[in-house]
Amino acid sequence: MGGYEPGSEAEAEDIVRAAAGRGERLRLAGGGTASGLGRPAQDNATLSARKLAGVTLYEPAEMVVSARAGTPLAEVEALLASRGQMLPFEPMDFRKLYGTAGEPTLGAVAATNNAGPRRINAGAARDSLIGVRFVNGRGEAIKSGGRVMKNVTGLDLVKLMAGAHGTLGLLTEVTFKVLPACERVATLVFPGLDDARAVAALAAALGSPFELTGAAHLPAGIGGTGARTLMRLEGFAESIDYRTGELRRLLKRFGTPELVEGEAGTALWQAVRDAAPLAEPRDTALWRISTAPSHGPALVAAIAAERGARWFYDWGGGLIWLATESAGDAGTALVRAAVRAQGGHATLVRAPDAVRAAVPVFQPLAEPLMRITAGIKTAHDPAGVLNPGRMYAGV
């Protein structure tokens with residue numbers, strides 16, 4: 001299988017236009033760190049954004065940054081950190097889950113709508129993405145959005161491209177709003193809570209005025225320790241002192257928490273962000289399930305009663321990472337049934353190619369939504385050149 005690495009947007013246009021003319025299917029790639037996400041590739045060649053790199057605009061006073069899609073995420077984060085700023089949504093690093101090398105890219109963050117624990121406070125990548133440039137399946141360069149948030153009438157291509165997994169176009173440049181970095185970060189760790197009490201504690205904290213930026217629960221044995229319920233607070237030092245004290249009083253019925261800061265706290269939230277407690281063994285299947293936080297423990301219990309599983313919670317219990325055996329359908333029928341009963345949606349983040357080719361990887365869409373999805377794909381990529389079948393079979 002061949003590959004293309006355009007050095008400019010114009011070169012990418014030519015490549016896609018020629019591929020459409022000869023019926024060639026292209027697999028889009030950035031740093032290759034999340035290559036196992038989605039259905040197995042159904043393509044003839046790879047189209048990589050790796051050479052489309054470099055920051056094109058950074059205005060710290062306006063809190064906006066633009067970069068070409070192949071720019072390493074670490075490069076952008078280092079630039080922002082040098083000016084006391086950060087990407088708000090804390091994007092996940094998939095390398096531990098997939099055992100991949102390379103560098104995550106900013107374009108891939110946008111394409112997958114990638115967000116970590118801070119999503120409960122700052123939203124997803126989509127909520128900070130304010131501008132895109134991309135090459136559609138006709139080989140046309142499209143620009144949408146810009147340096148400021150605007151009201152949009154009609155189809156919002158910026159939001160549409162976030163989470164499209166490259167099925168609608170090759171992102172060539174993305175623009176994000178950024179936020180000031182926090183002076184102090186502290187985490188309250190409550191030991192020994194079961195799932196239901198942990199979710200109740202997280203709900204009480206999230207319902208308070210004390211503004212959590214992380215809310216997770218690691219059951220006993222996950223991460224090699226006893227059960228831990230994590231609540232992160234960020235801001236000015238004096239504010240952290242006040243808010244942690246108030247949360248201790250508010251949540252005293254749940255026990256006495258430890259206060260974790262510095263490198264230990266950073267490592268703890270990086271592990272949650274990257275689903276590191278479930279990364280090994282590598283041959284297990286991994287599900288990412290979203291549901292109402294109060295439904296999470298019952299949903300997990302229904303799956304665990306029928307199939308061996310390990311799990312932990314993020315987003316106050318609204319996000320469940322669940323690992324199970326990859327044999328058979330990797331628990332697809334069981335997981336989908338549990339999600340139907342409790343509400344929500346589930347994505348099969350990791351499984352062997354044969355399994356991901358045989359079962360729906362993303363949450364199956366109702367027929368009307370699938371017609372809309374197929375119609376949008378056809379409008380942007382009529383020849384089916386870009387990442388065909390990556391999200392849904394035949395689309």
inquiry  = Quick check: do Leu247 and Leu233 have side-chain heavy atoms less than 4.5 Å from each other?
reply    = yes
inquiry  = For a quick test of reading the model, state the closest non-hydrogen atom pair linking Val272 to Trp321 and the distance between them.
reply    = O-NE1, 4.5 Å
query = Under the 3.5 angstrom rule, does the side chain of Asp127 hit a backbone N or O of Ala124 as a donor-acceptor pair?
reply = yes
Side chains of Gln342 and Thr291, donor plus acceptor under 3.5 Å = no
request  = Quickly, which of Leu202, Leu230, Thr229 forms a side-chain contact (heavy atoms from CB on, under 4.5 Å) with Phe190? Name it, please.
outcome  = Thr229
note = Looking only at heavy atoms, the pair that brings Leu334 and Ala302 closest together is CD1-O, 4.2 Å
Donor-acceptor side-chain pairing of Thr33 and Arg95 below 3.5 angstrom = no
query = Are side-chain heavy atoms of Arg282 and Arg350 found at a separation under 4.5 Å?
reply = yes
message = Using a 3.5 Å distance criterion without hydrogens, assess whether the side chain of Asp314 forms a donor-acceptor pair with backbone atoms of Ala216.
response = no
request  = Look at the side chain of Thr71 and the backbone N and O of Ala67, then say whether any donor-acceptor pair between them is shorter than 3.5 Å.
outcome  = no
query = Does any pair with a residue in residues 323-344 pass salt bridge (Lys or Arg N to Asp or Glu O under 4.0 Å), and if so which ones, sequence neighbours excluded?
reply = none
query = Does some side-chain heavy atom of Thr105 sit less than 4.5 Å from a side-chain heavy atom of Pro72?
reply = no
request  = Answer yes or no: is there a side-chain heavy-atom contact under 4.5 Å between Leu168 and Met161?
outcome  = yes
note = Shortest non-hydrogen pair, Leu251 vs Ala204, comes out as CD2-CB, 3.7 Å
note = Here the pair of heavy atoms bringing Trp315 nearest to Ser290 is CZ3-OG, 4.3 Å
key: Met92 and Val109, any side-chain heavy atoms less than 4.5 Å apart   = no
message = I'd like to know if Val158 and Met63 are part of one continuous hydrophobic network [Ile/Leu/Val/Met/Phe/Trp/Tyr, side-chain heavy atoms within less than 4.5 Å].
response = yes
task = Calculate, to the nearest 0.5 Å, the distance between atoms CD1 and CG belonging to Ile15 and Leu26 respectively.
result = 8.5 Å
query = Is there a donor-acceptor pair closer than 3.5 Å between any side-chain N or O of Lys177 and the backbone N or O of Glu62?
reply = yes
key: Nearest atoms (heavy-atom pairs only) where Gln42 meets Pro388   = O-CG, 3.1 Å
ask   = Within the side chain of Asn44, is there an N or O that forms a donor-acceptor pair under 3.5 Å with the backbone of Arg25?
value = yes
request  = Kindly indicate whether the side chain of Val64, heavy atoms from C-beta on, has any atom under 4.5 Å from the side chain of Thr175.
outcome  = yes
ask   = Can Arg288 and Leu319 be said to form a side chain to side chain contact (heavy atoms under 4.5 Å, CB included), step by step?
value = CA-CA 7 Å; Arg288 190 175 187 265; Leu319 175 64; 3.5 Å; yes
request  = Establish, from distance only, whether the side-chain atoms of Thr56 and Glu173 form a donor-acceptor pair under 3.5 Å.
outcome  = yes
inquiry  = So for atom CZ, which belongs to Arg83, do other residues, nucleotides or ligands contribute more than 12 heavy atoms lying within a distance under 6.0 Å?
reply    = no
ask   = Would you call Pro364 and Tyr392 a side-chain contact if the rule is heavy atoms closer than 4.5 Å?
value = no
key: CD (Glu367) with more than 12 external heavy atoms under 6.0 Å   = yes
request  = Verify, without hydrogens or angle tests, whether Arg248 (side chain) and Thr256 (backbone) share a donor-acceptor contact under 3.5 angstrom.
outcome  = no
message = Looking at Arg197 and Asp194, is there a salt bridge between them, counting it only when a charged N and a carboxylate O are closer than 4.0 Å?
response = no
key: Side-chain (Arg390) to main-chain (Leu37) donor-acceptor, under 3.5 angstrom   = yes
remark   = Nearest heavy-atom contact between Ala110 and Leu129 is CB-CD2, 4.2 Å
Lys/Arg N to Asp/Glu carboxylate O, Glu261 vs Arg184, below 4.0 Å = yes
request  = Return yes if some donor-acceptor pair links the side-chain N/O of Asn114 with the main-chain N/O of Pro91 below 3.5 Å, else return no.
outcome  = no
task = Keeping the roles fixed (side chain from Ser48, backbone from Arg50), state whether a donor-acceptor pair exists under 3.5 Å.
result = yes
query = With a 4.0 Å cut-off, would you call Arg249 and Glu246 a salt bridge?
reply = yes
task = Would you indicate whether the side-chain heavy atoms of Leu278 and Arg310 approach each other to under 4.5 Å?
result = yes
Inter- and intrachain pairs under ring-ring contact (aromatic ring centres under 6.0 Å, His included), touching residues 55-93, at least two apart = Phe89-Phe176
query = Donor-acceptor pair, Glu11 side chain versus Gly7 backbone, under 3.5 Å?
reply = yes
message = Regarding Arg118 and Glu234, does a basic nitrogen lie under 4.0 Å from an acidic carboxylate oxygen?
response = yes
key: Partner of Thr213 under side chain to side chain donor-acceptor pair (under 3.5 Å), chosen from Glu90, Arg232, Arg119   = Arg232
query = Under 6.0 Å from the NZ atom of Lys377, do we count more than 12 heavy atoms belonging to anything else shown?
reply = yes
inquiry  = Would you say that more than 12 heavy atoms from the other residues, nucleotides or ligands in this model lie under 6.0 Å from the CZ of Arg356, or not?
reply    = yes
remark   = Contacts satisfying ring-ring contact (aromatic ring centres under 6.0 Å, His included) that involve residues 264-288 (not counting sequence neighbours) are none
